[in-house]
Amino acid sequence: MTSSDRCHRAGLCDPAASAENYLRAMLERWAAAPDTPMAVLLRTSLTGDEAADLLRRHITAEAIDRIAFHLEGPDPRLRAALAGAVMFGITFHRHLLRTPDLAGAPLDDVLRLAVPLIHELLASPPTATATQDS
C-alpha cells in the first residue's frame with residue numbers, strides 16, 4: 001500500500017485540513033481537561049529523566065509515527081516531528097504556561113495563524129525540476 005493509499009484510507013490527504021484537525025483537537029482536549037495524566041506527565045518530564053523518557057516514547061508512537069506514516073515526500077519523520085513540536089509548543093504556552101497573549105487568544109485566531117505553519121510541514125514539498133537556461 002502506498003502512502004497515497006494510506007492517506008486516502010485515513011482521510012488525511014489534505015495537509016491543510018489535517019493540520020487544522022490535529023491542532024484543533026489537541027487544543028480542545030487540553031482546554032477541556034487541563035489536569036489530565038498527560039499534563040502531569042508533561043510537567044514531571046521537565047525535571048525527571050524517567051518521565052521524559054516515557055513522554056518521548058508516547059509522543060513518538062502516538063504522534064510522530066502516526067503522522068509520518070501518511071506523509072509523502074522526503075523526510076516524513078522529521079517533518080512529522082517538527083509539526084508535532086510546533087503544536088506541542090502552542091499547547092504548552094497556551095494551557096500550561098498560560099502565556100497571556102496566547103492563552104487569551106480566541107481558538108480561531110490561533111488556528112488561523114498557526115495552521116499555515118503546520119501545513120507547510122505536512123504538505124509534500126514540490127519536486128525539484130532541473131531547468132536549463134539557453
Side-chain angles (χ1 to χ4, degrees):
M1 177 183 300
T2 68
S3 58
S4 179
D5 294 335
R6 291 189 302 262
C7 166
H8 286 287
R9 285 185 62 190
L12 300 172
C13 292
D14 178 0
S18 297
E20 181 167 354
N21 291 340
Y22 286 137
L23 184 56
R24 180 182 295 278
M26 180 180 271
L27 292 174
E28 287 178 345
R29 274 194 309 266
W30 280 79
D35 294 319
T36 63
M38 180 57 86
V40 172
L41 178 60
L42 174 59
R43 288 183 189 103
T44 307
S45 72
L46 297 174
T47 58
D49 292 339
E50 190 174 324
D53 184 55
L54 180 61
L55 182 61
R56 183 175 24 262
R57 284 185 281 128
H58 175 77
I59 288 171
T60 300
E62 298 300 319
I64 296 169
D65 290 350
R66 289 182 181 196
I67 293 170
F69 183 76
H70 298 286
L71 298 182
E72 294 183 358
D75 305 311
R77 294 193 60 78
L78 178 57
R79 290 170 31 227
L82 288 167
V86 170
M87 292 186 290
F88 177 76
I90 292 167
T91 302
F92 185 80
H93 278 262
R94 185 172 172 91
H95 294 290
L96 293 176
L97 288 179
R98 293 182 179 92
T99 306
D101 296 303
L102 190 52
L107 177 60
D108 287 339
D109 288 348
V110 173
L111 293 171
R112 176 178 52 83
L113 294 170
V115 164
L117 300 170
I118 299 163
H119 169 262
E120 285 301 313
L121 292 166
L122 298 179
S124 286
T127 304
T129 57
T131 59
Q132 293 182 348
D133 293 335
S134 301

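This structure is a prediction, so every number in the text was calculated from the model and none was measured.
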TODO: Answer yes or no: is there a donor N or O on one side and an acceptor on the other, between the side chain of Thr60 and the main chain of Arg57, under 3.5 Å?
DONE: no
- [ ] Is it possible for you to say whether Leu111 and Leu117 belong to one hydrophobic cluster, with membership spreading through side-chain heavy-atom contacts below 4.5 Å?
- [x] no
TODO: Examine Val40 and Leu54 and state if one hydrophobic cluster contains both, with Ile, Leu, Val, Met, Phe, Trp and Tyr joined whenever side-chain heavy atoms are less than 4.5 Å apart.
DONE: no
Task: Distance (rounded to the nearest 0.5 Å) between His93 NE2 and Leu102 CG - done: 8.0 Å
- [ ] Calculate, to the nearest 0.5 Å, the distance between atoms CG and NE2 belonging to Asp65 and His70 respectively.
- [x] 11.0 Å
- [ ] Write down the atom of Ala103, the atom of Arg94, and the distance for their closest heavy-atom approach.
- [x] CB-O, 3.5 Å
Open item on the list: In the structure I gave you, are the side-chain heavy atoms of Arg24 and Val110 within less than 4.5 Å of one another anywhere?
Closed with: no
Open item on the list: Side chains of Glu50 and Asp53, heavy atoms from C-beta outward: is any pair under 4.5 Å?
Closed with: no
Open item on the list: Contact between Tyr22 and Ile67 at the side-chain level, heavy atoms closer than 4.5 Å - yes or no?
Closed with: yes
- [ ] Not counting sequence neighbours, which residues clear side chain to side chain donor-acceptor pair (under 3.5 Å) with Glu28? List them please.
- [x] none
Open item on the list: Run Arg43 and Asp35 through salt bridge (charged side-chain N to carboxylate O under 4.0 Å, His left out) and show every step you take.
Closed with: CA-CA 10 Å; Arg43 288 183 189 103; Asp35 294 319; 3.7 Å; yes
TODO: Report yes or no: does Arg77 contribute a side-chain atom to a donor-acceptor pair with the main-chain N or O of Ala68 at less than 3.5 Å?
DONE: no
Open item on the list: Once rounded to the nearest 0.5 Å, what's the spacing between atom CG of Leu55 and atom CE of Met38?
Closed with: 6.0 Å
Task: Distance, nearest 0.5 Å, that separates CG of Leu71 from CZ of Arg66 - done: 14.5 Å
Tabulate below the donor-acceptor pairs under 3.5 Å that side-chain atoms of residues 78-90 make, not counting sequence neighbours, or state none.
unit_1: Arg79; atom_1: NE; unit_2: Leu121; atom_2: O; d: 2.9
unit_1: Arg79; atom_1: NH1; unit_2: Glu72; atom_2: O; d: 2.8
unit_1: Arg79; atom_1: NH1; unit_2: Pro74; atom_2: O; d: 2.8
unit_1: Arg79; atom_1: NH2; unit_2: Glu72; atom_2: O; d: 3.1
unit_1: Arg79; atom_1: NH2; unit_2: Leu122; atom_2: O; d: 3.1
unit_1: Arg79; atom_1: NH2; unit_2: Ala123; atom_2: O; d: 3.2

TODO: Quick one: closest heavy-atom pair of Leu27 and His95, and the distance?
DONE: O-NE2, 3.4 Å
Open item on the list: Once rounded to the nearest 0.5 Å, what's the spacing between atom CH2 of Trp30 and atom OG1 of Thr36?
Closed with: 5.0 Å
TODO: Flag the pair Leu23 / His119 as yes when at least one side-chain heavy-atom distance between them is below 4.5 Å, and no otherwise.
DONE: no
TODO: Check Ala51 against Leu41 and note the closest heavy-atom contact, atom names and distance.
DONE: O-CD1, 3.6 Å
